[in-house]
Amino acid sequence: MLSLIQIVLVIFLFFALSRVVLRFKGGVVSLTGLMFWSSLFALAIVAVLIPDITSRIARAAGIGRGADAVIYASIVLLFYLIFRLHIFLEDIKSDITEIVRKLALKDIKSKNAKKTS
Amino acid sequence: MKVLIGIPAYNEEQTIEGVIKSLPRKIKGINKIDILVVDDGSFDNTKNKASKSGAKTLVHISNRGLGGVLRTIFEYARIEDYDMLVTCDADGQHRGQDITKIIEAIIKKRVDVVVGVREYNTKDSPKIKVIINYIANILTFFLCGIYTNDSQSGLRGFNKKAINVINIQTDGMEVSSEIFKEIKQNRLHLGEVSVKAIYTDYSKMKGQKVSDAPDVLFRLLLRLIR
């Protein structure tokens, strides 16, 4: 039986996964990006659904304590937000560069347009 | 056949005139050589000095970085239908005769892209730059799938096919590696020629710094996984 926090996290992670797939389909995320982010979120889903795995890994790593749900959920959320923020900033920077380029080349393009007309 | 020599420049008023004067104006088999300086938002007199020295100039109203400038240069070469493009640094690091070597290599070796590989065995070569360049070459190989002996060289030549297919996306210094990803993806033929780099206190100061390396690597990795 799944606990409430597991259900919330799984729903959120599937949402994050769907956003990555949509971004890939939209051409914003590369194939490598799709593989990286979807693997990350898929692993997180497995860890949420089978928490023993994290406990086993924690024991194997010598941490000794099981997953702290709040900290782990926060890390997943932060990962996702950083990913979104990164894409957002890169898009804005790219847009600014494109505007700057268009302004720089404006005279050249209008000169060529006059030549051809 | 007409050739464009493209120079990205950011606050280079000290060297830009000397660089433009050192460039070749006549090369056998080439009908026309134009020089284009793209001023990347400089706050000094770079643009005016470049214009007075006879170069065509374009101005970025805001500083966008090396990748942003190189893309503008490529775009200009496409609009004006150049047969060949050579990019070179504005800090006086490259010699005019090496640009001739790059152009001749594209014609004679029948390659699409030629990289000017800087000789690092001279006594003036800064050791730290040699190490950074070597690490950058290895990383470029792993991240972009192609090995070159000088991934960070600013002296590169492109034929018409390369001008038309290379699509630069990055804005910063990581463009130096991105170009090799484009070469690999578009199955372009890469050649290399040995060139001499002139190391002055100014060019050492203006080139890539050790502190840039983590940022460049981080941006390259993020671009791969985005």
Side-chain angles (χ1 to χ4, degrees), chain A residues 16-44 76 78-117, chain B residues 4 6 8-10 34 36-42 47 50-51 56-82 142-145 167-172 174-175 178 181-182 184-185 215 218-226:
Chain A
L17 199 57
S18 71
R19 299 293 298 173
V20 174
V21 174
L22 283 175
R23 292 246 157 205
F24 172 70
K25 282 184 178 171
V28 181
V29 175
S30 68
L31 181 63
T32 326
L34 172 77
M35 285 159 65
F36 175 81
W37 291 106
S38 52
S39 305
L40 185 79
F41 292 130
L43 283 173
V76 170
L78 284 172
F79 252 110
Y80 180 67
L81 290 178
I82 288 168
F83 166 67
R84 292 292 305 273
L85 201 62
H86 160 67
I87 298 275
F88 183 65
L89 284 176
E90 286 294 309
D91 286 349
I92 286 179
K93 278 171 66 182
S94 187
D95 287 348
I96 294 170
T97 306
E98 201 49 46
I99 293 166
V100 168
R101 177 173 305 110
K102 284 216 159 75
L103 285 171
L105 292 164
K106 197 174 75 178
D107 292 343
I108 308 294
K109 283 186 174 166
S110 57
K111 187 188 85 186
N112 278 19
K114 273 181 197 165
K115 262 189 209 171
T116 51
S117 64
Chain B
L4 179 69
Y10 178 58
D34 286 333
L36 171 71
V37 173
V38 177
D39 178 354
D40 192 26
S42 300
K47 192 250 173 192
S51 296
K56 294 169 186 287
T57 52
L58 292 176
V59 177
H60 279 184
I61 55 167
S62 144
N63 180 244
R64 305 312 305 153
L66 181 63
V69 182
L70 285 178
R71 191 166 168 183
T72 302
I73 292 173
F74 269 82
E75 185 85 20
Y76 182 87
R78 282 190 283 265
I79 294 169
E80 295 288 320
D81 201 28
Y82 283 94
F142 282 112
L143 297 175
C144 307
N167 182 19
I168 294 168
Q169 297 289 321
T170 54
D171 284 349
E174 62 274 21
V175 68
E178 190 199 8
K181 185 171 82 68
E182 288 293 306
K184 172 87 176 173
Q185 278 181 356
D215 187 50
F218 179 68
R219 284 173 178 282
L220 266 175
L221 286 170
L222 279 181
R223 183 145 285 276
L224 279 175
I225 64 165
R226 73 172 293 207

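Residue numbers begin at 1 in each chain, while the letters A, B, ... track the order of the sequences. Computed over heavy atoms, backbone and side chain alike; hydrogens, waters and symmetry mates excluded.
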Closest non-hydrogen atom pair, Val21(A) against Leu34(A):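 Nearest pair, atom of Val21(A) first, then Leu34(A): CA-CD1, 4.0 Å.
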Among Ile79(B), Asp39(B), Ile61(B), residue most engaged with chain A (heavy-atom pairs, under 4.5 Å):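 Greatest number of close heavy-atom pairs with chain A: Ile79(B).
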Pairs of heavy atoms under 4.5 Å with chain A: top-ranked of Leu58(B), Val38(B), Thr57(B):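 Among the listed options, the one with the most contacts to chain A is Leu58(B).
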Pair Glu75(B) + Arg71(B), salt bridge at N-O below 4.0 Å: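 Between Arg71(B) and Glu75(B) there is no salt bridge, as every charged N stays at least 4.0 Å from the carboxylate O atoms.
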Expected output: side-chain Arg101(A) to main-chain Gly68(B) donor-acceptor under 3.5 Å: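 Between the backbone of Gly68(B) and the side chain of Arg101(A) there is a qualifying donor-acceptor contact (under 3.5 Å).
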Sub-4.5 Å side-chain heavy-atom contact between His60(B) and Thr72(B):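 Sidechains of Thr72(B) and His60(B): in contact.
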Top of Asp107(A), Val100(A), Ile99(A), Leu103(A) for chain B proximity - count of heavy-atom pairs under 4.5 angstrom: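 If we count pairs closer than 4.5 Å to chain B, Val100(A) comes out on top.
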